[in-house]
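Take a look at the structure set out below.
Below, all heavy atoms of this structure are taken into account, side chains as well, without hydrogens, waters or symmetry copies.
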Amino acid sequence: MKLRSIILLSVISFAGLSSCKSQKEIVEKTTLEHTAVANTSGVPYFKAVGTEPFWSIEISEKEVKFSELGNEKGIIFPNDNNDILYENMKLTYTNKTHMLTIDVKPGECSDGMSEQRYSYKANVSLIDADAGEVKEYYGCGQYFADSKLNSKWMLKTLRGEEISEKNSQNSLYIEFLSEKNMFTAFAGCNQINGVMKSNTENRLQLLDIASTKMLCEPGNKEQDFINVLAKVGAYKFDGDTLILTDPTYVPIATFRKN
C-alpha cells in the first residue's frame, strides 16, 4: 500500500472514531485517539535502540516513550491497558498525533556501535498523522528484570520442604543481577549461573543454567534445586520472602533476603 494511502486510512479512522470504543478496538482499526500524557512511567521493563538514525524506545507499565536524534524529548504514548510486549508479539500504541507499532522477535542482535549484545530484534513503525509520514526503524531490544530482585536470597523451602542451614557457607542461595539479566546460585556443592528473562506482571524464567562439575556427596539437594530453577515461571514477594512459582503460579521455592 502506498504511503499516502496508509496515512489517509489512519486519518479517516481517527476522524470516525467513537468515544465508547475500547482501546483494543482502536488498535485493531489503526486509529489515533489517545492524547499524550506526562512522563510518569517509572522504570521501563523493555528498551530498544537503533542507529541510522539514532532512536530508542522505553516501555513501562503505564506508558511508552519513543525518542530519536533531533527529538530527544521524545513522543509519549499512554499504555492505558497495561499491555505487555512479549516476544513474537506486535503491539500498537496511539496518542493524538502518532501511532507507534513495535514488533519484537527473539534473536541475537547488535546495535552496531558497541560490544553490547541484545536478545531480541525490534522492528518499529511510526505514523505521524500531522506530517503525513510513515517511518520504519530497525534495531535491538532487551527486557529488564525487577530491580527489587537484586539481592542474595537464601533458600528456605524447596517444593514445600524446609531446608535446614548447617552453616552459612553451605547454605543454598540465588543472587539476581537484573541490570545484566543474569543470576548466580550455589546448589550445595557446585556454583550455578544463567540468564534471567523477565518482564512486568512478575513473569520470570531462568535459562541457560550451567554449573561447575564438582563431585557431590550423596543425598544433597543440588539436582532438586537445579530442576526447580529450570521450572520457574513467575515470582512474588511476601515481606522479606521471595516466592518463586511455576508458570501456573504454584509456589515451588521460597527464599529469605540475606
Closest approach of [X] and [Y], non-hydrogen atoms and distance?
X: Pro53; Y: Glu68; answer: CG-OE1, 4.3 Å
X: Glu136; Y: Ser125; answer: OE2-OG, 3.4 Å
X: Tyr93; Y: Asn79; answer: CE2-OD1, 3.8 Å
X: Arg203; Y: Pro247; answer: NH1-O, 3.2 Å
X: Tyr120; Y: Lys197; answer: OH-CE, 2.6 Å
X: Trp153; Y: Asp240; answer: CZ3-O, 3.5 Å

Notebook entry, point to check: Who are the ring pair (Phe, Tyr, Trp, His ring centres under 6.0 Å) partners of Phe66, not counting sequence neighbours?
Noted result: Tyr137
Using only atom types and a distance under 3.5 Å, with no angle test, would you say the side chain of [X] pairs donor to acceptor with the backbone of [Y]?
X: Asn95; Y: Pro78; value: no
X: Ser60; Y: Glu63; value: yes
X: Glu72; Y: Gly70; value: yes
X: Asp128; Y: Val134; value: no
X: Asn71; Y: Ser67; value: no
X: Glu222; Y: Cys189; value: yes

Gap between atom [atom2] of [Y] and atom [atom1] of [X] - 0.5 Å precision:
X: Thr101; Y: Leu91; atom1: OG1; atom2: CG; value: 9.0 Å
X: Lys231; Y: Asp246; atom1: NZ; atom2: CG; value: 9.0 Å
X: Phe237; Y: Lys257; atom1: CZ; atom2: NZ; value: 7.5 Å
X: Phe183; Y: Ile192; atom1: CZ; atom2: CD1; value: 7.0 Å
X: Ile163; Y: Lys221; atom1: CD1; atom2: NZ; value: 5.5 Å
X: Ile75; Y: Met99; atom1: CD1; atom2: CE; value: 13.0 Å

Item checked: Worked verdict on Lys156 versus Phe255 for side chain to side chain contact (heavy atoms under 4.5 Å, CB included) -> CA-CA 5 Å; Lys156 291 173 58 179; Phe255 299 78; 5.6 Å; no
Checklist line | Test log, rule side chain to side chain contact (heavy atoms under 4.5 Å, CB included), inputs Tyr235 and Thr245 | finding: CA-CA 6 Å; Tyr235 69 95; Thr245 78; over 6 Å; no
Next item on the list: Measure the shortest side-chain to side-chain distance between Leu149 and Met196 over non-hydrogen atoms and say whether it is less than 4.5 angstrom.
Entry: yes
Check: With a cut-off of 6.0 Å (strictly less than), are more than 12 heavy atoms of other residues, nucleotides or ligands near CD of Glu52?
Finding: no
Treating Ile, Leu, Val, Met, Phe, Trp and Tyr as nodes and any side-chain heavy-atom pair under 4.5 angstrom as an edge, say whether [X] and [Y] lie in one connected cluster.
X: Ile174; Y: Ile226; result: yes
X: Val64; Y: Trp55; result: yes
X: Ile243; Y: Leu206; result: no
X: Val228; Y: Leu242; result: yes
X: Ile252; Y: Phe225; result: yes

Atom pairs and distances, side-chain donor-acceptor, residues 209-219, under 3.5 Å, sequence neighbours left out:
residue: Thr212; atom: OG1; partner: Asn190; partner atom: OD1; Å: 2.6
residue: Thr212; atom: OG1; partner: Gln191; partner atom: N; Å: 3.1

Notebook entry, point to check: Any idea how Phe77 and His98 line up, ring-wise: parallel (<30°), tilted (30 to 60°), or perpendicular (>60°)?
Noted result: perpendicular
Next item on the list: Apply the test salt bridge (charged side-chain N to carboxylate O under 4.0 Å, His left out) to residues Lys105 and Asp103: give CA-CA distance (whole Å), side-chain angles for both, the deciding distance (0.1 Å), then the verdict.
Entry: CA-CA 7 Å; Lys105 290 182 170 57; Asp103 186 9; 2.8 Å; yes
Next item on the list: Test the Lys152-Tyr173 pair against the cation-pi criterion, namely NZ or CZ under 6.0 angstrom from the six-membered ring centroid and within 45° of the ring axis.
Entry: yes
Notebook entry, point to check: Is it true that the side chains of Thr254 and Thr241 contain a donor and an acceptor less than 3.5 Å apart?
Noted result: no
Item checked: side-chain contact (heavy atoms from CB on, under 4.5 Å) partner of Ile57, the single match among Val49, Leu126, Leu100 -> Leu100
Item checked: Intermediate values then yes/no, side chain to side chain contact (heavy atoms under 4.5 Å, CB included), Arg256 and Met154 -> CA-CA 5 Å; Arg256 64 170 178 83; Met154 314 306 294; 3.7 Å; yes
